[in-house]
Amino acid sequence: MITTAERRARLGLRHALAARAGSVEAAVESVVALHGTDPATVFLSAGARTASAGPQPVERALYEDRTLVRMTGMRRTIFVVPRDLAPVIHHSSALAVAVRERKQLTQHFMDGAGFDAQWISRVEGEVLEALREHGELTAAALGELVPGLRAQIVYAPGKPYEAKQGVGSRLLFLMAAEGLIVRQGRPSGSWISGQHRWALAPEMPVLTVREAQAELVRRWLAAYGPGTEADLKWWTGWTLGDVRKALQAVDAVPVELEESAPGYVLPDDVEPVPPAEPWAALLPALDPTPMGWQGRDWYLPQAHRAELFDRSGNVGPTVWWNGAVVGGWGQRADGEVVWRLLEDVGAEAGAAIEREAAALMRWLDGVTVTPRFRTPLERSLR
């Protein structure tokens with residue numbers, strides 16, 4: 001049986017290994033992918049796992065070396081991933097998202113403005129031509145060159161929740177999911193800005209769906225194992241059948257877990273791990289570790305969730321001690337990092353958390369970050 005204590009020890013060892021590896025790319029690989037919906041999460045998540053003194057290494061990896069790629073991935077979510085993983089996520093997850101998105105988008109455009117598939121195809125062609133001619137462009141700049149992107153449709157006409165919706169954001173999202181364009185360029189503004197530039201997507205290797213799904217599950221088990229079928233189904237957004245085929249393809253080993261249904265590990269990960277050194281961490285909103293499993297009781301008590309999650313299930317900034325969530329943190333208007341514990345963890349933990357908070361303030365260097373998805377505890381600390 002793999003106990004809760006051992007699962008927490010595995011978290012500690014992985015966190016320490018990522019920090020010792022040093023590079024931003026290694027930090028991302030240690031958790032497979034970083035949630036990219038909130039731009040600040042990418043930088044804070046990588047910063048929490050490296051010894052960097054600020055956001056510059058992440059900016060270099062994203063916008064100069066381009067060893068990290070921002071793309072649509074699992075569950076229709078935006079992720080930042082190592083460049084070599086992009087084909088895996090594209091063929092395992094993004095293309096299926098794109099099929100569903102195109103069907104829904106075509107129906108919405110027909111119902112809301114009479115724009116048919118031929119009209120959508122024409123506007124997409126104009127977007128690609130504009131990017132070929134002008135290089136990286138913001139969505140606003142693309143809208144100036146491609147008038148169709150500025151069109152609006154009526155969403156849910158005749159319904160109580162009828163609303164106007166711009167064509168541009170939906171169509172660019174679809175093209176990105178299909179691998180035609182990519183959020184590549186440096187944003188307009190600071191590192192917390194979400195105004196990214198679009199570019200033509202580079203060609204990527206072709207994988208079968210089964211190959212890609214097996215590789216993604218292998219990486220997930222290496223970063224998060226042991227995990228259950230339900231964990232993987234939730235994290236990937238796949239069907240249970242797809243999850244089971246991928247587990248079989250990587251020869252995943254079933255193991256008994258103390259607090260949940262049976263889980264799986266990779267064949268070379270069945271031995272017990274030694275206890276981890278005591279460790280503390282301040283992880284940002286939407287960090288991949290608290291969002292890594294569907295079953296969270298072994299590291300995040302039910303009693304804490306009302307304070308740390310918003311109503312849509314997005315996690316806010318969390319405070320960790322020895323592989324468990326023990327509180328949350330936020331920033332005051334003047335940029336001061338403040339935190340609150342939700343349980344008594346003792347003086348040693350308090351001192352370690354205080355050191356992490358001080359290190360985070362130095363890393364932020366005066367920048368104040370407001371999470372895109374606000375949670376009760378983070379709001380109260382603000």
**Asked** Can you tell if the side chain of Leu342 reaches within under 4.5 Å of the side chain of Val319, non-hydrogen atoms only?
**Response** no
**Prompt:** If you count the non-hydrogen atoms of other residues, nucleotides and ligands that lie under 6.0 Å from CD in Glu64, is the total more than 12?
**Reply:** yes
**Request:** For the residue pair Trp293 and Trp220, categorise the inter-ring angle as parallel (less than 30°), tilted (30 to 60°) or perpendicular (more than 60°).
**Result:** perpendicular
**Message:** What I'd like to find out is whether the side chain of Thr375 reaches to under 4.5 Å of the side chain of Leu308, using heavy atoms alone.
**Reply:** no
**Prompt:** Is the Lys NZ or Arg CZ of Arg10 less than 6.0 Å from the centre of Tyr224's six-membered ring, within 45° of the axis?
**Reply:** no
**Prompt:** Does Val255 reach the side chain of Tyr264, with side-chain heavy atoms less than 4.5 Å apart?
**Reply:** no
**Sub-4.5 Å side-chain heavy-atom contact between Leu360 and Trp329** = yes
**Prompt:** For Ala214 and Val250, which heavy atoms make the closest approach, and how far apart are they?
**Reply:** O-CG1, 3.3 Å
**Message:** A cation-pi test, strictly: NZ or CZ of Arg210 under 6.0 Å from the centre of the six-membered ring of Trp238 and no more than 45 degrees from its axis. Yes or no?
**Reply:** no
**Prompt:** Taking the six-membered ring for Trp, are Trp279 and Trp320 parallel (under 30°), tilted (30 to 60°) or perpendicular (over 60°)?
**Reply:** parallel
**Prompt:** Using 30° and 60° as the class limits, which term best fits the ring planes of Phe109 and Trp119: parallel, tilted or perpendicular?
**Reply:** perpendicular
**Asked** Taking atom CD of Gln195 as the centre, does the number of heavy atoms from other residues, nucleotides or ligands within less than 6.0 Å exceed 12?
**Response** no
**Item:** Enclosure of Glu348 CD (heavy-atom neighbours >12, cutoff 6.0 Å)
**Value:** no
**Complete:** Shortest non-hydrogen pair, Ala177 vs His90, comes out as O-CE1, 3.6 Å
**pair Arg8-Asn322: side-chain heavy atoms closer than 4.5 Å** = no
**Request:** Under the salt bridge (Lys or Arg N to Asp or Glu O under 4.0 Å) rule, what do Arg14 and Asp269 come out as? Steps first, then yes or no, please.
**Result:** CA-CA 13 Å; Arg14 288 164 178 160; Asp269 193 27; 3.7 Å; yes
**Where Leu381 and Trp339 come nearest, the two heavy atoms and their spacing** = CD1-CA, 4.2 Å
**Item:** For the student: nearest non-hydrogen atoms of Met74 and Ser93, plus distance
**Value:** CG-OG, 3.6 Å
**Message:** Closer than 3.5 angstrom, by distance alone: can the side chain of Ser30 be matched with the main-chain N or O of Ala27 as a donor-acceptor pair?
**Reply:** yes
**Asked** Is any side-chain heavy atom of Arg183 closer than 4.5 Å to a side-chain heavy atom of Leu62?
**Response** no
**Prompt:** Honestly curious: do Leu17 and Leu221 fall in one hydrophobic cluster under the side-chain, below-4.5 Å linking rule?
**Reply:** no
**Request:** Kindly indicate whether the side chain of Arg219, heavy atoms from C-beta on, has any atom under 4.5 Å from the side chain of Leu85.
**Result:** yes
